[in-house]
**Q** 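Sharing a structure here in structure tokens format.
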There are 2 protein chains.
Amino acid sequence: MEPNQHLHIHVEQDSGAHSHTSADALPWADAARETIRRAGHSKGAARDALIEIMSQRDCAMSVPDMEQALGERPVGRASVYRALELLHGLHLITRVDIGDGVARYERAQLDDDDHHHHMVCDRCGVLIAFDDPELEAAIHKLSDRLGFEATEHEVTLRGACPDCRN
Amino acid sequence: MEPNQHLHIHVEQDSGAHSHTSADALPWADAARETIRRAGHSKGAARDALIEIMSQRDCAMSVPDMEQALGERPVGRASVYRALELLHGLHLITRVDIGDGVARYERAQLDDDDHHHHMVCDRCGVLIAFDDPELEAAIHKLSDRLGFEATEHEVTLRGACPDCRN
DNA sequence: AACGAGAATGAGACTCAATCTCATTTGTGT
DNA sequence: ACACAAATGAGATTGAGTCTCATTCTCGTT
């Protein structure tokens, strides 16, 4: 029932396949470090290690996940949270909240071509990512009408995944 | 910066005004108690007090909010969480997660005419409820296409509210 | 109305993510 | 190399949420 599995689905409207591999990992790490430098920050080992870890994973990670992934490297809790705060403030990562009281974070997409949301299966706990142009369009139109300048949005579906429906 | 203010907005497409008053409060409390009874549960003072509190508020409440609202009445923490679990399981309340690590709950709408989502202002912390038929339609089409049986969904917009844009 | 099985309750211990403090280490410009 | 500022980490602290278990209450039965 823990979200330890991850899938990615792309809802096709018309075009071809859409890959969700970690091909963008390295460019993201570089872009992140560059953005941080330009924002006037010194470099630091803890933050660098965290960027390294996050660049290697496609799926949303919790802080405990990160601490485990860091393993060898001794990175203090406080530094992890500080780094996440900075990365989030610079829109380099996105916060994902699936409702279990644990914040998760994942790389923000450089091209907003790859923007996506999540479904959580109530039964097996699987976390499935998906993206849907039609949904994005509805959200953009909506925030315009509301006069709300939305810098971020998050959509979470909860229910039974295809496997658990059987 | 705390979500202590609440507004409700309805995005009109065609029809007339839509009220978001607590007119439905009493029917909801009755329906809730009836549903619980039919589900085979005995009645209990703590749960009843909680239903009373929740029926009087339109906006999403956190557990600390509820404990404060209960004030006089001595309701144990455990009973509050148990009652919420039961109410949620019976779809009588909806869980709202605005990303501050505190779960909030609000009455589920009896008619799904009044289903809504939330915007959180990053600056002043105001929590604004809205509903949009177009967004709902996009989500329903989406979950059909995904083969995901979504019993619940949640949309959260983050950014600057109309007031804070100035 | 008294009885008893099972449900509901509450005090408080406990877990764990997240925050805060502050002394120490590291990075950077001079 | 020097000095100041930024980054780091160990550990204390907070606070939401969970768990346990003894007690109280409900409700059908007698």
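By convention in this document, chain letters (A, B, ...) are assigned in the order of the sequence lines, proteins followed by strands, and residues within each chain are numbered from 1. Because only heavy atoms are used, hydrogens play no part in the values below, and waters and symmetry mates are left out as well, while side chains stay in.
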**Q** Under 4.0 Å, heavy atoms only, any strand: does A:Ala78 hit a base, just the sugar-phosphate, or nothing?
**A**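 Base, at least one base heavy atom under 4.0 Å.
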**Q** Taking atom P of D:dC27 as reference, at what distance in whole Å does atom CZ of B:Arg38 sit?
**A**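 Checked: the CZ to P distance equals 16 Å.
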**Q** Roughly how many Å is it from CD1 in B:Ile36 to P in D:dT26, rounded to a whole number?
**A**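 Result: 15 Å.
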**Q** If I take atom CZ in residue B:Arg73 and atom C1' in nucleotide C:dG10, what distance separates them, rounded to the nearest angstrom?
**A**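 Roughly 16 Å, once rounded to whole Å.
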**Q** Atom CG of B:Leu84 and atom C1' of C:dA8: how far apart are they, to the nearest Å?
**A**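 Value for this atom pair: 15 Å.
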**Q** Are any side-chain N or O atoms of A:Arg107 and backbone N or O atoms of A:Ser55, one a donor and one an acceptor, separated by less than 3.5 Å?
**A**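 The answer is yes, because a donor-acceptor pair under 3.5 Å joins these two groups.
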**Q** Please report, rounded to the nearest Å, how far the C1' atom of D:dG9 is from the CG atom of A:Leu50.
**A**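 Distance check: A:Leu50 CG to D:dG9 C1' gives 15 Å.
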**Q** Report yes or no: does A:Arg165 contribute a side-chain atom to a donor-acceptor pair with the main-chain N or O of B:Gly147 at less than 3.5 Å?
**A**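 Between the backbone of B:Gly147 and the side chain of A:Arg165 there is a qualifying donor-acceptor contact (under 3.5 Å).
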**Q** Between atom CD in B:Glu85 and atom P in C:dA8, what is the gap in whole Å?
**A**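 Result: 12 Å.
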**Q** Using heavy atoms to find the nearest nucleotide of DNA chain C for B:Lys43 and B:Arg77 separately, return the residue whose nucleotide is more 5′.
**A**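 The residue closer to the strand's 5' end, by nearest nucleotide, is B:Lys43.
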**Q** Starting from the 5' end of DNA chain D, give me the residue, B:Val102 or B:Gly44, whose nearest nucleotide shows up first.
**A**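 Looking at the nearest nucleotide for each, B:Val102 comes out on the 5' side.
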**Q** Check the phosphate of D:dA7 against A:Arg47, side-chain N and O only, distance under 4.0 Å to OP1 or OP2. Yes or no?
**A**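 Answer yes for this pair, as a side-chain N or O of A:Arg47 is under 4.0 Å from OP1 or OP2.
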**Q** Does a side-chain N or O from B:Ser79 land closer than 4.0 Å to OP1 or OP2 of C:dG10, or not?
**A**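 Yes, such a contact exists.
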**Q** Please tell me if B:His41 has a side-chain N or O lying less than 4.0 Å from either OP1 or OP2 of C:dA8.
**A**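 For C:dA8, OP1 or OP2 has a side-chain N or O of B:His41 closer than 4.0 Å.
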**Q** Decide yes or no for B:Leu135 and A:Leu135: does some side-chain heavy atom of the first lie under 4.5 Å from some side-chain heavy atom of the second?
**A**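 The answer is yes, as the side chains (C-beta and beyond) meet within the 4.5 Å cut-off.
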**Q** Between D:dG9, C:dG10, C:dA18, which nucleotide has the shortest distance from any of its atoms to the side chain of A:Tyr81?
**A**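 Of the candidates, C:dA18 comes closest.
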**Q** Among D:dG17, D:dT8, C:dA17, find the nucleotide with the atom closest to the side chain of A:Arg82.
**A**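 For A:Arg82, the side-chain atoms sit closest to D:dT8.
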**Q** Just checking A:Ser42: base, sugar-phosphate only, or nothing, at a heavy-atom cut-off of under 4.0 Å?
**A**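 Result for A:Ser42 = sugar-phosphate.
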**Q** Evaluate side-chain contact (heavy atoms from CB on, under 4.5 Å) for B:Ile51 paired with B:Trp28, printing each intermediate quantity in order.
**A** CA-CA 9 Å; B:Ile51 289 173; B:Trp28 177 82; 3.8 Å; yes
**Q** In this structure, how many angstroms lie between the C1' atom of D:dG15 and the CG atom of B:Asp100, rounded?
**A**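 Whole-Å distance recorded here is 12 Å.
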**Q** Using salt bridge (Lys or Arg N to Asp or Glu O under 4.0 Å) as the criterion, point out the one residue from A:Arg57, A:Arg33, A:Arg47, A:Arg73 that pairs with A:Glu52.
**A**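 When salt bridge (Lys or Arg N to Asp or Glu O under 4.0 Å) is applied between A:Glu52 and each of A:Arg57, A:Arg33, A:Arg47, A:Arg73, only A:Arg33 qualifies.
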**Q** Roughly, in whole Å, what's the span from CD in B:Gln68 to C1' in D:dG15?
**A**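 My rounded result for the distance is 15 Å.
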**Q** Which sits closer to the 5' end of DNA chain D, B:Ser62 or B:Ala45, going by the nucleotide each is nearest to?
**A**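 Result: B:Ser62.
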